[in-house]
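Here the structure comes first, spelled out in structure tokens, and everything after it is commentary.
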Amino acid sequence: MARLVLKFGGTSVGDIDRIRNVARHVKREVDAGHHVAVVVSAMAGKTNELVGWCREASPMHDAREYDAIVASGEQVTAGLLAITLQAMGVNARSWQGWQIPIRTDGAHGAARIQEIEASEIVRRFEEGQVAVVAGFQGIAPDNRIATLGRGGSDTSAVAIAAAIAADRCDIYTDVDGVYTTDPRIEPKARRMAKISFEEMLEMASLGAKVLQVRSVELAMVHKVRTFVRSSFEDPDAPGMGDFDNPPGTLICDEDEIVEQQVVTGIAYSKDEAQISLRRVEDRPGVAAAIFGPLADAGVNVDMIVQNISESGDATDMTFTVPAGDLGKATAILEKAKAEMRYDALQSESGLTKVSVIGIGMRSHTGVAATAFKALAARGINIKAITTSEIKISILIDGDYTELAVRALHGVYGLDKA
């Protein structure tokens, strides 16, 4: 007997028929004798609808009331799934975040989980009860509902799995695992059987949409073995009940991966923008003067490149921001030009960040050179480069995104089984 957490996203619970299908997945695990907690998202499109109503009521709405409204989508799904399971003869009840309770900080709309008191859920496991938990929400110190931000149900699921010491956390979604790159761009992309926490964290933060970044961080910290699986597979298909190796991709500690490739996957993030500050006065504190106000305004800065002039008294500072933040960022920089002490500001949008990811890079040379040669052979100009121990990110013109992804996927042999 094992403890499992199953998480189902919005498309998986999009209507009553899909909720019945989800219930069959849950019942399969219950019938196998496992203790099961289920975490659900709002039905597809419902959160967007609720957010739209908030904005229509008042563009400058109270974040606490916003949370009270948008959290209702998950509560509806949890109740409907509990009713469906009961109709199938499964002992189940729904839980809202505050009932467990899942305690968060006070950042309404983007709260972080601080503590989960899961003792009552565990006690009810012994009575044979399935816990159906509304994801994406908890209770803040002000005793009001707090939501965890977009994709927060993934985080809820992994956090609950850690709190109950689950043997496994299954993230059911509309894809059947994690691929070497986006199959919509490269049809030869392969589903991976296993990927390490670190690699998945890089892929999630660099553009892969399979899992929310914070959920992967939590899984890595608490060593929660996490499977990405498809909810659209027949719940009773061969292998679906296999405890050790169900269909999908296992996200785990790198020690579990026997044969580690040099490069695991290619991720990309569109809609990047580049800002260059020309002839910035070269003095201590200049970087803080530039990036401090951007951070205070919530602008996420990435790929910073600094070049010192020949005279040594000035520098060029180039960095990227999400394209949606370009206007805000340039306004902040232009307003503080006197304090930041630069001569000119240049910007460019419509860029893409393509990233090569793999733990095997730690022990292999020439990975970056291979990427640069592959892009050069196809006439793709590189605008900026950043590296870490297990990733290389390259900024290019957005028009070359698909060509670059396919070129890099092929040059590292990821299209070969």
Side-chain angles (χ1 to χ4, degrees), residues 178-190 192 195-196 198-208 254 259-278 300-310 315-323 346-417:
V178 182
Y179 281 72
T180 49
T181 195
D182 187 343
R184 293 170 299 180
I185 285 183
E186 175 50 87
K188 294 178 182 177
R190 294 180 298 103
M192 291 177 272
I195 183 173
S196 73
E198 287 182 86
E199 290 168 323
M200 190 66 237
L201 185 59
E202 291 286 7
M203 290 192 74
S205 64
L206 294 168
E254 65 178 286
E259 294 185 16
Q260 183 67 55
Q261 286 186 280
V262 177
V263 171
T264 300
I266 311 297
Y268 67 93
S269 174
K270 289 185 175 182
D271 299 321
E272 298 281 327
Q274 186 179 61
I275 296 173
S276 295
L277 301 180
R278 302 300 183 193
N300 185 31
V301 173
D302 189 20
M303 300 188 79
I304 302 170
V305 179
Q306 183 176 359
N307 298 313
I308 306 299
S309 68
E310 289 183 10
T315 179
D316 287 344
M317 190 84 71
T318 300
F319 53 92
T320 60
V321 298
Q346 298 171 340
S347 65
E348 183 180 5
S349 57
L351 306 178
T352 292
K353 179 171 60 181
V354 181
S355 301
V356 179
I357 299 154
I359 280 182
M361 291 186 197
R362 289 173 177 161
S363 54
H364 288 78
T365 60
V367 178
T370 299
F372 303 153
K373 287 176 185 175
L375 296 180
R378 289 156 180 82
I380 300 173
N381 188 42
I382 296 172
K383 295 179 176 291
I385 304 162
T386 58
T387 63
S388 75
E389 197 176 28
I390 67 167
K391 76 117 194 288
I392 303 160
S393 290
I394 302 165
L395 192 69
I396 62 170
D397 228 322
D399 292 341
Y400 294 99
T401 302
E402 295 188 10
L403 179 60
V405 168
R406 287 195 293 267
L408 294 172
H409 192 268
V411 77
Y412 293 112
L414 295 177
D415 50 356
K416 296 179 177 64

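These figures come from a predicted structure and were not determined experimentally. Count residues from 1 along the sequence.
The closest side-chain heavy-atom distance from Val354 to Ile266 is below 4.5 Å. By the 4.5 Å heavy-atom criterion applied to side chains, Val262 and Tyr412 are not counted as neighbours.
Legend: salt bridge (charged side-chain N to carboxylate O under 4.0 Å, His left out) pairs involving residues 374-386, not counting sequence neighbours, sorted by first then second residue: Glu348-Lys383.
A donor-acceptor pair shorter than 3.5 Å cannot be found between the side chains of Glu186 and Thr181.
Scanning for side-chain contact (heavy atoms from CB on, under 4.5 Å) contacts around Lys270 gives Tyr268, Thr352, Thr401, with sequence neighbours left out. Residues meeting the side chain to side chain donor-acceptor pair (under 3.5 Å) test with Thr180, sequence neighbours left out: His409. With sequence neighbours left out, the salt bridge (Lys or Arg N to Asp or Glu O under 4.0 Å) criterion links Arg362 to Glu198, Glu254, Glu389. Annotation: side-chain contact (heavy atoms from CB on, under 4.5 Å) contacts of Ile382 (sequence neighbours excluded): Phe372, Leu375, Ile385, Ile394. Applying the side-chain contact (heavy atoms from CB on, under 4.5 Å) criterion to Asp271, with sequence neighbours excluded, gives Ala323.
Leu414 and Gly265 get closest at one heavy-atom pair: CD1-CA, 4.0 Å. Across all their heavy atoms, Arg190 and Gln261 have their closest contact at NH2-OE1, 3.7 Å. Across Ala267 and Met203, no two heavy atoms sit closer than the pair CB-O, 4.2 Å. A pairwise comparison of heavy atoms in Met361 and Val356 identifies CE-O, 3.1 Å as the closest pair. The nearest pair of heavy atoms linking Ala273 to Leu351 is C-CD1, 4.5 Å. Closest non-hydrogen pair, Gly410 versus Asp415, comes out as CA-OD2, 4.0 Å.
One distance of note links OG1 of Thr387 with CE of Met303; it measures 10.0 Å at 0.5 Å rounding. One finds the CD1 atom of Ile390 at 4.5 Å from the CD atom of Glu202 (value rounded to the nearest 0.5 Å). Residue Asn307 holds its CG atom at 6.5 Å from OG1 of Thr318, rounded to the nearest 0.5 Å. Within the model, atoms CD1 of Ile392 and CG of Leu408 stand 9.0 Å from one another, a figure rounded to the nearest 0.5 Å. Note that CD of Gln306 is 10.5 Å distant from CG of Leu277, once rounded to the nearest 0.5 Å. Between atom OG1 of residue Thr320 and atom CD1 of residue Ile304 there is a gap of 8.0 Å, rounded to the nearest 0.5 Å.
The closest donor-acceptor contact from the side chain of Glu199 to the backbone of Ile359 lies under 3.5 Å.
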